[in-house]
Undergrad: 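Following this message is one structure expressed as C-alpha cells.
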Amino acid sequence: MTLAVLLGLLALLLVTLRVAVSQGDALAPRIEAVLEARIGAPVSIGQVSLSLARNDLRFLLEDLRIDTPQGDPLAAVERVHLRLDGLASLRHWAPIFSDARMAGLEFHLYQTPGTTWGWPAPARLPLGMAPQPDIDLALIDAWAGLLLRQRLWVDNSRVLLHGREQTVLLHAPSLVLDGDERRTRLSGELTVVEDPAQAASALPAITMGAEMQPGARGLSDFSAALQMNMQLDHLVVLAALFRPEQMPYLEQVGGQVQLWGRWREGRLEDARLAVDMPELTLRRDVEYAVLRNIQASGQWQRNGEGGEAWLSGNAESVEWAQPEGISDGPALPYHWYLAHEPGRWELRTSAFELASLAAWREYALLPESLTRVLQTLAPRGQVQGLRLGQRKGRWGVDAALTNVAVDPWQQAPGGGPLDAWVQARDLRGRVTFSSAGSSELYFPQLFDAPMQLGHAEGVVEWVYDGPRTMISGRELHVDWDGARIAGGFGLITGQQRGQFGLDLAFENVDAVERPLGQWLPLGAFEPALREWLQKDIGGRVPQGALKMSLPFGEPGSAPPFSATLALLVREGYLPIADGWPLLEEIDGRLIWQGGELKAQVASAQSQGVQLSDGAVQLGEDNMLRLSGQLHSDGASLLRFLKAMPEAGELPLDELSAEGVVDGSLAAVVPLEHPEGLSLDINVVPSLEVVRYPPMPVSLRQVEGEVSWQQSGEQRALLGNLQGRWQGGGIRADFDEDQQRVRLSGEVDSAALWALAGMPDTAQEVLRGRTAWEGVVNWEDTPTLSVQSQLVGLSSQLPEPFDKRAEQPWPLRVRADFSSARGEVRMADLLAMRLALREPEGVMGEVALGSVAPLVEWPQQPGWKIDASLNTIDPLAWQQALSPLFDKGAGGRRRPGRCRPSKPC
C-alpha cells in the first residue's frame, strides 16, 4: 500500500514539475489547477519554489492539501524537496533525483459500498492507484527499476484507512533510499495502529531492506535483493478491515512471515516465503477453525513471461467443525504448486479432506460449477490431488477423489463411498466414479432405504444454466445385493420445479430372500399400491427394466408422472387375498405402465393347485384383479380348501380324494379395503374316489361343476356333483346356504350288505333298490340326515317286518359326527339309538314294534332290545336270519338282552 502511494505521488510530482518548468512565474495556482483537473477535488498549496543549482533542478513544495468539497481530507504533504540530476536523467531517459526528501505525508482511503477502497466521488485517485490493479510483471519491473534509481528520504508517512466501522492507521516513521553508483539501499518500517492516537507506542509490523546494483547497461538491467519481515500480531485489525463479507473472520493470529525477493537484469526472478505462526483462528458464523504451530515455506520463480510457485506447509493440529464420518486426512494440503503466464494460471495441491473444501467453499477461488456442487451435495472424502486454474478467462478444475460420499439433492441420488475423477469447466462438470468395495446409492424420494452395493461405476455430468440445473448419469453399472443394474438418470430443475428421469435395466434380482419393496421405487407409487407391494410378495427377476419420468415442484407446471416397469418373473409369489394361501412358483411377465399393472402368468401353483394362462391387473382404481385356469389333483385341492379362511367350517381333515380337478379363478381385491374381496372359483372335478372314513363313505366317479362365490361378507357354494355310492348314483346340490349340502340318489341292498360285511346270501333277507335323499349340515356340528320311503326294497322277515317292494316304509336316519351318535326310525316298527365311546365301544338300544320313542341315549356297552310284538315265532326268525350267518359270516357278538312285551 505504501509503495503504491509513493508511486502515485511520484506521478503527481512529475506532472507538477512539467507545469512548474513551463510556468515558473505562477507555479502554485497553475499546479493547483492541473491537480484539481486530474483528481476532481479542491487542492491548496502553501508555497512552491523552483530554482537551478549547477545542472540540477531544485523544487520545493510546502503545505499541499487535498480535500473533498465537504471538507473530508484526501491527502496532505508538509514539505517536499526534490533535486533532479539532469545528466543522469538524460542518460537513462527517466527522471533521476539525487536528493528527494518528503516529510509529513498523509494519505486517506475510504471504503466503498463494495470491498474496494478509494476516494469519495467525484474525486479520483491519482494514476497507478486503481482500487484493484491488475498484476503486470512488466509494470512491476519498470516501476521497481525507476524507484531504485532514486535517492529518497521519506519521514513520518501516514496512510489512514477509513472503514465503515473503524479507522486504521499505517505509519511509516522513515523510508530511506540511498547509495552510490555501485549500489542502492532501501530500508524502512511500517506499523499498524488500530487507534491513530497511539501511533507512537505501536511496534513495527513490517520491516524492509533492499539493495540494488546496476547491470552491464546500467540501471536498465539492474540486480536487486529484497527482504521483508512481517509481524502478524497486528494484522487481525487490518484483516478485519479488508475482509470481504463472504470471507471468514480472522480472530487471532501470531508469529511472523519473512519474504525475500531477487531481481536480475531488471526483472523479478525469484521470491521466497517463510511462515512461522503459533496459532491462527478463523471464524465463520459460529464455526471456528483453529490451526496451531503452522510452519510453511514457499518459492516463486520467473518462467518466461510468467512464473511458478511452490508452497509447503503444515499445522501441528487443526480443530474445526468437521462433519461426521470423515477420515483423519489433512484438512489443508501440505503442498501447493502455482504456474501462471499472461491469460493463464493453474494451481495444484496435494491430498486433503474434501469436507474442508465444502465447508469453506465460499472463501476459496473456485468456479461456480464446483461451488454449487459443494453447496448442494455436501461431499465427504479425500482429495488426492487438485488442479484448478483459468485459461483465457475460462475455468478448469480436475480432482482425484477417494472414499467420496455425497448427500442426495432433490431427485439426484446420494451415496458412497466411491473413488472419482472430477472435471469441471466453467458451468459444467463431469464425475467418473467407481467403488473398490461396498458402497451405498440412495434415491430418497424413490427408494425406502439406501441401495447396498458391492460395486458401482459410472459417469455423472452437470450443467448450470442460470437458475436451471441439469444433471445426468450414464454408463451406470452397479452390483446391488447380487443383482446387476445398468442404466442412467437425468434431472432438470429450476425455478422451484423440475423433471427427473430414470432408465434402468437389471438382472438376477432376488426378491425371495430380500423384500420386494427394497427393489422397487415405492416413492413413485400410490399409497395403496405401495402398501400392497410391501406385503408377502416376491420372486426372482432374471431380467427387467424401469423407465420413469417424475415431475416435481408446483402442480401442473410439468408433464404428468409416467413410468414403465417390465419384469420377467421366476419363482414369484403373491397372496390371492388377505388370509388366503399364497400363489407361488409364478412364472410370467409383469408390466407396470401408465399407472396400470398387468402381469401374464404362464404358470403358478398354490398348495399344489396349478394355475395357467393367468393374468394380474391393477388399475388406477386400485382394484387388483387376478384370473387364470386351474388344474389340480384331489389331494392338492383339499390342501387348498383347508388353507382358505373358511376352512374351519368345513369337515376336511378326514376327507381324501383321488383324481383331477379343472377350473378357473377370478378375484378382485380393493387395495384400500381388502375385506371387500370378490372371488369366483369354478371347478369341474373328475375324481375317481372320495372317501370320508368317519361315516364311512366312499364316493366314486365324482363329476359335476361347483362354484365358490364371495363378495365381501357374502359367500356362496353353488353347483352340483354326481357320483356313485353303494351301487347307486348320488348327487350333491349346493345352493346359497353355504352351511348345507343337499344329497339324493339310489342305493342297492347288495351294496349295503357288503358295507355291513354280510355274505351275498344276505340278499335273501332284504333285496332291491330304493331312492333316498338327505342333507349334510355343518352349521354348528357336522350332521347327516337321510330319509327314504324304501320303495323298491322287499323284506323276507317274519311279520310284522315282512315288506313288499311297492310298499312304502318311511325311514329317517340322523348321524352326529362330532358326538359319535346315530339315530334311526323306520315306520312304526323300529327305533334305534347308538353311540360310540372309547374304550367301551358301541352302546346301542333298539325298540321293536309299537313301543314308545327312545328318549335317552344308551349308557352301557352292548345292545339293549325292547320288543312290543303280538307274537314272535323263533323258528321263523331263525330260518329268516340264517342267510346272514352262512359261510362264516357271523362274527363275535356282544351279549344281548331280549325283553319281549308279549309272550314268546
Side-chain angles (χ1 to χ4, degrees), residues 323-327 354-355 373 376-384 399-422 429-462 471-491 500-524 533-534 538-548 550 563 565-568:
E324 296 181 358
I326 70 170
S327 67
L354 179 58
V373 169
T376 54
L377 302 184
R380 290 88 62 197
Q382 294 80 46
V383 180
Q384 299 301 327
L401 312 178
T402 58
N403 296 322
V404 178
V406 299
D407 291 339
W409 178 69
Q410 294 188 353
Q411 301 295 332
L418 303 166
D419 296 339
W421 173 251
V422 180
R430 173 189 300 172
V431 175
T432 303
F433 65 87
S434 176
S435 68
S438 300
S439 61
E440 292 183 351
L441 184 64
Y442 190 23
F443 293 83
Q445 304 298 324
L446 299 178
F447 293 88
D448 285 347
M451 303 177 181
Q452 303 300 321
L453 309 181
H455 173 73
E457 63 181 35
V459 178
V460 176
E461 297 177 333
W462 68 90
I471 302 176
S472 64
R474 57 182 178 83
E475 302 176 19
L476 303 180
H477 298 275
V478 303
D479 292 340
W480 176 18
D481 282 341
R484 293 191 297 271
I485 314 294
F489 68 89
L491 171 66
F500 175 75
L502 189 64
D503 186 354
L504 299 177
F506 36 88
E507 300 177 354
N508 301 332
V509 173
D510 182 0
V512 176
E513 300 297 331
R514 296 175 176 84
L516 177 66
Q518 167 186 315
W519 302 101
L520 296 178
L522 296 178
L533 290 172
Q534 290 179 302
R540 303 188 188 278
V541 180
Q543 291 181 339
L546 172 63
K547 298 180 183 293
M548 183 173 62
L550 179 65
L565 177 66
L567 305 176
L568 179 63

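Side-chain atoms are counted along with the backbone in the values below, which use heavy atoms only and exclude waters and symmetry mates. Since the model is a prediction, treat every value here as computed from it, not as a measurement.
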Undergrad: Mind checking what makes side-chain contact (heavy atoms from CB on, under 4.5 Å) contact with Ala405, not counting sequence neighbours?
TA: Arg380
Undergrad: Could you work out, with side-chain hydrogen bond (donor to acceptor under 3.5 Å, both in side chains) as the rule, every residue matching Glu461, not counting sequence neighbours?
TA: Arg430, Arg474
Undergrad: Of all residues at least two apart in sequence or in a different chain, which pass the side-chain hydrogen bond (donor to acceptor under 3.5 Å, both in side chains) check with Asn508?
TA: none
Undergrad: Any idea how Phe447 and Trp480 line up, ring-wise: parallel (<30°), tilted (30 to 60°), or perpendicular (>60°)?
TA: perpendicular
Undergrad: Looking at Val406 and Pro379, what are the two nearest heavy atoms and their distance?
TA: CG1-CB, 3.8 Å
Undergrad: Rounded at 0.5 Å granularity, tell me how far NZ in Lys547 sits from CG in Leu565.
TA: 11.5 Å
Undergrad: Could you check whether any side-chain heavy atom of Gln534 comes within less than 4.5 Å of a side-chain heavy atom of Leu522, counting everything from C-beta outward?
TA: yes
Undergrad: How long is the straight-line distance from CD of Gln384 back to OG1 of Thr402, given to the nearest 0.5 Å?
TA: 3.5 Å
Undergrad: Does Trp519 use its side chain to pair, donor to acceptor, with the backbone of Asp510 at less than 3.5 Å?
TA: yes
Undergrad: The criterion is salt bridge (Lys or Arg N to Asp or Glu O under 4.0 Å); which residues satisfy it with Asp479, sequence neighbours excluded?
TA: none
Undergrad: Tell me which donor-acceptor pairs under 3.5 Å the side chains of residues 432-440 have, and how far apart each pair is, sequence neighbours excluded?
TA:
residue : atom : partner : partner atom : Å
Ser435  : OG   : Gly437  : O            : 3.3
Ser435  : OG   : Ala456  : N            : 2.8
Glu440  : OE2  : Gln452  : NE2          : 3.2

Undergrad: Looking at CE of Met548 and CG of Leu502, how far apart are the two atoms once the value is rounded to the nearest 0.5 Å?
TA: 4.5 Å
Undergrad: Between Leu546 and Phe506, is the side-chain contact (heavy atoms from CB on, under 4.5 Å) condition met? List the steps.
TA: CA-CA 8 Å; Leu546 172 63; Phe506 36 88; 4.1 Å; yes
Undergrad: Calculate, to the nearest 0.5 Å, the distance between atoms CG and CG belonging to Leu567 and Leu516 respectively.
TA: 8.5 Å
Undergrad: Show which side-chain atoms of residues 481-491 pair as donor or acceptor with protein atoms under 3.5 Å away, not counting sequence neighbours.
TA:
residue : atom : partner : partner atom : Å
Asp481  : OD2  : Gln518  : NE2          : 2.7
Arg484  : NE   : Glu507  : OE1          : 3.4
Arg484  : NH2  : Glu507  : OE1          : 2.8

